[in-house]
Amino acid sequence: MTIAEAQKRIVEVGVRQVVEEAIARAKVDSKHAVLEVIESRSLARADEIDARLKKGESVGRLAGVPFLAKDNILTFDSKTTASSHMLENFEAPYQATVIEKLEAEGAICIGKTNLDAFAHGGSTENSYFGPTKNVTDDERVAGGSSGGSAVAVAAGIVPFALGSDTGGSIREPASFNGVVGLKPTYGSVSRYGVVAMASSTDVVGPITTTVDDARLILDIIKGVDARDSTTIDILPLEKASKKLRIGVIQQCFGEGVDADVDSVTHQAIETLRSAGHSVEEVDLPTFRHALAVYYIVVPAELTSNLARYDGIKYGMQKDGANLTEVYEASRSAGFMDENKRRILIGNYVLSSGYYDAYYRKAQTVRTLIINEFNEAFKQHDVLLSPTAPTPAFRLGENTDDPLQMYLADMMTVPPSLAGVSAISVPAGESVSGLPIGIQFVAPMRRDDIVLNMAETWEELYAKR
Amino acid sequence: MTTISLDDVRKLASLSALQINDDEAAKLQTELQNILKFVEQLNAVDTTGVEPTYQVTGLENVWRDDEIIDYGLSREALLKNTPNTQDGQIKVKRVLA
C-alpha cells in the first residue's frame, strides 16, 4: 500500500475507517511485526482530523494516514520497550521529535513495531518478545533490527513505518522483505526521543513501498532540532531525472556473496547501463575492514549509552543487598545476551591499555573509509552494491554464531561509518522467491541524489 | 594476538555492572575471543599519519541561549517510570557504607 492509496481511501471512506482498518490488520498480524496497538488515541485523532477535513481545513501532507513506529522511538499512550526486558513497562513522558513532526502533518501513529532488543542485531531474533517472521516465509528472519517496521509495511498493515539504522537496521530488513528502506544522512533527522545505541551512526528513517513515499517522509522528519544538537541541514529533496555516473563497489562481490544476490545485482547493472547511465567499477580497498571498525566503534558507544540503565531512574529494578548489587541485578536481568556481549566488548576496547590498539585504531581506519568514499564521489554521482550478502536467512541459523550474524551488515556498515545517505530498493528475487534489494549510496547531505537514483531504478525495474 | 582469560571476562563483567555465572563466563570467553580475533585484522591496515574520525558532520560546539525552555513536563510525569520514589524524589540504597 502506498501513501497515495491510503489517501485515496481516506477520501472515499474517511479517516476513521482507514485507521480502524489499519488497526484491525495490526491486530491479526501473524508475523509478529507489531508489538502494541495505540487504539484510543489513534481513533480520537482520526475523528478530530475527519471533523477538520469536513470543515475544509488544511490538515497537512499526511492527513489521516496511519503509520507504525519502531519501538525504540518514544510515543504517547503506549509503552516504548526497545523490545527489551529492561524497558518492558516503560511509558514515555514525551514524544520523539519525528513523531511530533509526522503528527503535525496529520499522520496517525497506530502502534509500535518489533526490533532486536536495543536495536542490537540484524534479524529481530534478539527481541525479548520473540522474533518477527519474514513477509514471504515464516521460517525465515525479518532482518533487523527494524524487522517489525519492514514486515509491517511489506504486509500492507500501514503505508509507511519509521525505523532506525546504525549499521544497516533499516536497509537490511527492507531488502529481506521487498520494500524501500532509507538511511538518511547522519544528523539529518532529530534523535530527540529515540533510544540511543551508537551515537556516531544512529539515524532515523522511513520504510515505505515506493521511493516517492520515502522522499515525502524524509522531507517531513528532516531538519535541525534545538532538542538534538547533532542535527544538520541537508540539500532540498528536489526531483531530477538525469543520466548519472554510477560506481559499482567491487568489494561487494565474490566470496561470501550469495549467487542469487550477485545475479540480481548484475541484472540491475545491465538495466541501468542499457538506460543510458554510465556504470563503472569503483575500488574501495578499506571497505572490507569496515565491519571490524564497526564492531569496535559501535560497542564502545553503546556501552556508554547503556550505562544509564541502572535500575534506579527508570526501567527494570531488581533488589540487592546494596546499591552495587541493585545495579548489577537490574542490568543482568534487563539485558539480553547480545546486549551483554556488546557491553563487554565496548568496555574492553575502551579500557586503559587497549584504547589505542582498538578504539583509536578503528576510528583511524574509519577516516580511510571516509576518504575512499570522498574520492569515489569525485568520479561518480552515486555508488551501487547489493544491500546484503544474502537473502533472508533461516530463523536460528546464525543465533549461535555472533560473527556470522554480523556479516549480514558487511555492505550497509561502511555508509553508516561515513555518515552518507543510502537506500535499499527492491531489485529482484532469489530462485526460491525471497526478496533481494540493492543499495544506492550518495554523499552526505545529498539524499536528493540517492532518492532520484532509486526512483529512476524503480521505474526501470517496473518496466523490465 | 590478545587472549582473554576467564578472569578477564569476570573482571570486565564486574566493570560493566553485570553478574555472570560460570557457564556464561565460559561462553563469553569464546565469543569475545572470536570477536577480538576478527577485529584484529585492522592491525594490518597502514594508518601512518592518518587522524581518527570520532564524528562525521564536523559540527563543533553548538550553543544556545542560556534560557530555560519549558518542555511542559511535570515532576510527576518524569518520575512515572521510576521504580522507587518517596516525596517526589528518587530513592536509592545507602551510597556510603
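Each chain gets a letter, A, B and so on, in the order its sequence line appears, and its residues count up from 1.
- The residue among A/F335, A/Y358, A/Y327, A/Y294 with the most heavy atom pairs within less than 4.5 Å of chain B is A/Y358.
- With a threshold of 4.5 angstrom between heavy atoms, A/N339 does not approach chain B through any atom at all.
- Residue A/Y359 touches chain B through its side chain alone, counting heavy-atom pairs closer than 4.5 Å.
- B/N81 contributes a side-chain N or O that, together with a main-chain N or O of A/E91, makes up a donor-acceptor pair within less than 3.5 Å.
- Both the backbone and the side chain of A/L323 come within less than 4.5 Å of a heavy atom in chain B.
- Both the backbone and the side chain of A/L344 come within contact range of chain B, with heavy atoms under 4.5 Å apart.
- Taking the side chain as every heavy atom from C-beta outward, B/L42 and A/I296 approach each other to under 4.5 Å.
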**OP:** Please lay out, stage by stage, how A/K340 and B/E24 fare under the test side chain to side chain contact (heavy atoms under 4.5 Å, CB included).
**Re:** CA-CA 10 Å; A/K340 292 177 189 171; B/E24 285 177 303; 3.9 Å; yes
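- For chain B, the nearby parts of A/A362 are the backbone and the side chain; heavy atoms of each come within less than 4.5 Å.
- When all heavy atoms are compared, the tightest approach of B/S14 to A/E328 is O-OE2, 4.2 Å.
- When heavy atoms are compared at a cutoff of 4.5 Å, A/V326 approaches chain B solely by way of its side chain, counted from C-beta outward.
- Contact annotation for A/D310: neither backbone nor side-chain heavy atoms come within less than 4.5 Å of a heavy atom of chain B.
- Only the backbone of A/A321 comes within contact range of chain B, judged by heavy atoms closer than 4.5 Å.
- The residue among A/A329, A/P285, A/G187 with the most heavy atom pairs within less than 4.5 Å of chain B is A/A329.
- With a 4.5 angstrom heavy-atom cutoff, B/V62 touches chain A only via side-chain atoms.
- Between A/I312 atom CD1 and B/T85 atom OG1 the span is 12.5 Å, to the nearest 0.5 Å.
- In this structure, the portion of A/T231 lying under 4.5 Å from any heavy atom of chain B is its backbone and not its side chain.
- Contacts of B/L18 with chain A are made by both backbone and side-chain atoms, with heavy-atom separations under 4.5 Å.
- Atom CZ of residue B/F38 and atom CG of residue A/L407 lie 6.0 Å apart, to the nearest 0.5 angstrom.
- Residue contact with chain B, scored on non-hydrogen atoms closer than 4.5 Å, involves the backbone of A/R288 exclusively.
- In this structure, B/I35 and A/Y406 have side chains that are in contact, with non-hydrogen atoms separated by less than 4.5 Å.
- If you take CG on B/L15 and OG on A/S351, they are separated by 8.0 Å, rounding to the nearest 0.5 Å.
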Original post:
After noting the C-alpha distance and the side-chain angles of B/Q55 and A/Y186, does the key distance pass the side-chain hydrogen bond (donor to acceptor under 3.5 Å, both in side chains) rule?
Top reply: CA-CA 10 Å; B/Q55 61 102 342; A/Y186 173 78; over 6 Å; no
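- Judged by distance alone, the side chain of A/K361 and the main-chain N or O of B/V45 form a donor-acceptor pair under 3.5 Å.
- The main-chain N or O of B/V50 is never found under 3.5 Å from a side-chain atom of A/T367 such that the two would form a donor-acceptor pair.
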Subject >> Criterion side chain to side chain contact (heavy atoms under 4.5 Å, CB included) on A/I345 and B/E31, from CA distance to verdict >> reply: CA-CA 10 Å; A/I345 287 283; B/E31 288 169 347; over 6 Å; no
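- Residues A/M444 and B/V56 are in side-chain contact: their nearest non-hydrogen atoms beyond the backbone lie under 4.5 Å apart.
- Side-chain contact between B/K93 and A/E325: absent, with no pair of heavy atoms (C-beta onward) separated by less than 4.5 Å.
- Heavy-atom distances place no part of B/D8 under 4.5 Å from chain A, backbone and side chain included.
- The contact between A/N347 and chain B is made by backbone and side chain atoms together, counting heavy-atom distances below 4.5 Å.
- The parts of B/Q19 that come within reach of chain A are both its backbone and its side chain, each placing non-hydrogen atoms under 4.5 angstrom from that chain.
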Original post:
Where do B/K80 and A/Y314 land on the side chain to side chain contact (heavy atoms under 4.5 Å, CB included) test, with the steps shown first?
Top reply: CA-CA 8 Å; B/K80 188 177 63 174; A/Y314 48 84; over 6 Å; no
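- Contacts between B/L59 and chain A at a heavy-atom distance below 4.5 Å involve the side chain alone, from C-beta outward.
- Counting heavy-atom pairs under 4.5 Å between each of B/L32, B/I90, B/L78, B/N34 and chain A puts B/L32 at the top.
- Listed options A/A357, A/P299, A/S332 were ranked by heavy-atom pairs under 4.5 angstrom with chain B; first place goes to A/S332.
- Rounding to the nearest 0.5 Å gives a distance of 7.5 Å between CG of A/N371 and OG1 of B/T53.
- Proximity to chain A is limited to the backbone of B/R94, based on heavy atoms less than 4.5 angstrom apart.
- Of the possible polar contacts, one joining the B/T82 side chain to the A/K313 backbone as a donor-acceptor pair under 3.5 Å is found.
- If you measure heavy-atom distances from A/A418 to chain B, the contacts under 4.5 Å come from the backbone alone.
- Ranked by heavy-atom pairs under 4.5 Å with chain A, the first of B/A77, B/S16, B/S74 is B/S16.
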**OP:** Check the pair B/Y54, A/R366 against side chain to side chain contact (heavy atoms under 4.5 Å, CB included), reporting the backbone distance first and the verdict last.
**Re:** CA-CA 9 Å; B/Y54 296 106; A/R366 183 183 195 171; over 6 Å; no
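- If you measure heavy-atom distances from A/V293 to chain B, the contacts under 4.5 Å come from both the backbone and the side chain.
- Contacts between A/L291 and chain B at a heavy-atom distance below 4.5 Å involve backbone atoms as well as side-chain atoms.
- Residue contact with chain A, scored on non-hydrogen atoms closer than 4.5 Å, involves the side chain of B/I4 exclusively.
- Minimum interatomic distance between A/G311 and B/P83 (heavy atoms only, all atoms of both residues): O-CG, 3.6 Å.
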